[in-house]
Amino acid sequence: MSKKNVHEHGVEVMEEILDGYNDKTKKDRKKKLDVVKADDVKCGINANRKIRPGVMSMRGCAYAGAKGVVFGPIKDMIHISHGPVGCGQYSWAARRNFANGIPGIDNYVTMQITSDFQEKDIVFGGDKKLTNMIEEANNLFPLNKGVSILSECPIGLIGDDIEAVARQTAKTIEKPVIPCRCEGFRGVSQSLGHHIANDSLRDWVYEKDLQGAAFEASPYDVALIGDYNIGGDAWSSRMILEDMGLNIVAQSTGDASVSEIANTSKAKVILIHCYRSMNYISRYLEEKHGIPWLEFNFFGPTQVFKSMRKIAEMFDDKIKEQTEKIIKEKYEPEFAKIVEKFKPRLEGKNCMLFVGGLRPRHTIPAFRDLGVEVGITGYEFAHNDDYARTLEYIDKTTFIVDDMNEYEMEKLLENFKPDLVGSGIKEKYSTQKAGIPFRQMHSWDYSGPYHGLDGFAVFARDMDMAVNGPVWKKVTPPWK
Ligand code: SF4
């Protein structure tokens with residue numbers, strides 16, 4: 001089949017996909033697919049709804065959103081995967097949220113710590129086991145600064161009271177113990193897990209007025225939140241913010257400490273990268289402590305410059321002048337060198353994205369900076385406000401898909417044959433077998449960082465390596 005383009009054939013392909021379903025599924029999936037044009041003001045997607053059973057969705061669960069995303073990266077906290085062994089084992093060190101420290105001594109990010117439920121725990125309840133476990137873990141890892149209890153599916157179903165255990169053990173070990181009701185049956189995706197985890201931080205950190213380490217306050221204190229430091233992303237974002245003259249008092253939750261989480265409420269401005277996963281806590285801190293928050297995007301030069309200026313606007317002339325100075329003297333020339341080297345190798349290529357709740361829109365300008373057009377994009381667990389924000393990033397006809405499944409992915413690849421696909425591990429190998437270059441856009445394919453200046457250099461190199469790899473010329477045997 002020859003390659004179709006989204007502009008001319010988007011609607012036709014959408015109809016072909018829907019025709020492959022039974023009536024009920026068709027009715028449901030109709031609300032999840034749309035073809036939008038640059039001047040559209042509304043996206044027709046009805047997001048954040050249940051998955052149709054049996055369609056091979058790419059979504060995860062609330063536990064993944066709470067433990068895997070929000071809590072797991074907090075480095076000096078013991079995170080208990082509370083329930084049977086599976087969830088903690090499969091999510092063990094699978095997300096590349098880098099953190100400083102010595103593993104097992106003062107950093108527990110890459111460990112699997114679980115209550116390993118057996119039948120008797122299901123029948124008699126696991127609260128006693130959990131209490132013993134928290135005390136034991138505190139003795140084994142004395143440098144920990146707190147404990148989180150991340151509920152897996154059975155906990156809520158058998159009626160355990162992890163909040164009571166948290167209150168009691170916090171007194172025994174004299175450290176914060178935070179319960180999180182993120183059982184995988186709650187909600188429809190990872191997204192509710194983010195919300196529940198934000199609420200746990202609200203109730204057990206800020207409402208309890210937990211204090212972080214003391215620091216000398218300045219008018220330039222900011223908290224960098226919703227950056228999980230994948231492959232060191234938050235570190236390369238910090239470099240820009242510090243160059244601008246800002247003082248980062250808290251970074252969360254990538255490479256975060258319990259003290260930094262507590263100190264987030266002391267910042268003058270909260271800078272939020274991942275809106276989807278941490279807007280809840282930003283709204284709360286604004287309401288309760290009057291701290292303004294600002295969304296920004298550090299993927300690729302266009303957005304980095306725009307974001308630097310937008311952030312500087314929140315401060316005085318000193319920061320604004322310093323920002324203009326470093327953009328002109330350092331960042332413009334350095335970014336230009338990267339574009340000059342890689343754009344000629346990538347110009348005119350077309351990319352399809354399918355990621356979680358932020359990157360399907362946030363990375364579009366970085367691709368465009370390199371001459372690559374994103375013609376298809378979609379989210380696993382975004383809400384309608386994310387789709388509204390996506391329209392701001394679109395300047396050509398784009399196929400949008402919410403909660404994509406494997407069948408839809410195959411159909412999209414078959415029809416549009418993108419030059420590059422950016423998605424997750426479950427999608428990687430089937431795409432490569434179809435002869436299409438692929439980059440993982442969750443784990444950065446064990447590369448990164450992709451944020452900031454250093455990140456863009458790695459991003460551009462990686463995309464070039466994928467698209468122009470010699471292997472793609474060898475897919476068809478010479479005798480065919
Ligand atoms: S759905 Fe339940 S069992 Fe599956 S990973 Fe999530 S918490 Fe664990």
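For ligands, and for the atoms within them, numbers begin at 1 and follow the listed sequence. Since the structure is predicted, the reported quantities are computational estimates derived from the model, not experimental observations. Worth knowing before you read on, the calculation uses all heavy atoms, side chains too, and leaves out hydrogens, waters and symmetry mates.
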Colleague: Check for me whether the distance between the ring centres of Phe459 and Phe367 falls short of 6.0 Å.
Modeller: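 Ring-ring flag for Phe459/Phe367: true, centres closer than 6.0 Å.
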Colleague: Would you say atom 4 (Fe) of ligand 1 touches the protein, meaning some protein heavy atom is under 4.0 Å from it?
Modeller: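 No, because not a single protein heavy atom sits under 4.0 Å from atom 4 (Fe) of ligand 1.
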Colleague: Indicate yes or no for a side-chain donor-acceptor contact from Lys145 to the backbone of Ser257 under 3.5 Å, with no hydrogens or angles considered.
Modeller: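 Such a contact is absent between Lys145 side chain and Ser257 backbone.
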Colleague: Kindly indicate, with the supporting measurements, whether the criterion ring pair (Phe, Tyr, Trp, His ring centres under 6.0 Å) is fulfilled by Phe299 and His451.
Modeller: CA-CA 5 Å; Phe299 284 110; His451 289 180; 4.6 Å; yes
Colleague: Run the ring-centre check on Tyr379 versus Phe381 and record whether the distance is less than 6.0 Å.
Modeller: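 Distance test on ring centres: not under 6.0 Å, no.
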Colleague: Distances under 2.8 Å only: what protein N/O/S atoms are near atom 2 (Fe) of ligand 1, ordered by chain and residue?
Modeller: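 The answer is Cys153 SG.
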Colleague: Indicate the atoms forming the closest heavy-atom contact of Ser282 with Ile270, along with that distance.
Modeller: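 Heavy atoms of Ser282 and Ile270 come nearest at OG-CG2, 4.3 Å.
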Colleague: Using the benzene-type ring in the case of Trp, are the ring centres of His273 and Phe296 under 6.0 Å apart?
Modeller: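 Yes, close enough.
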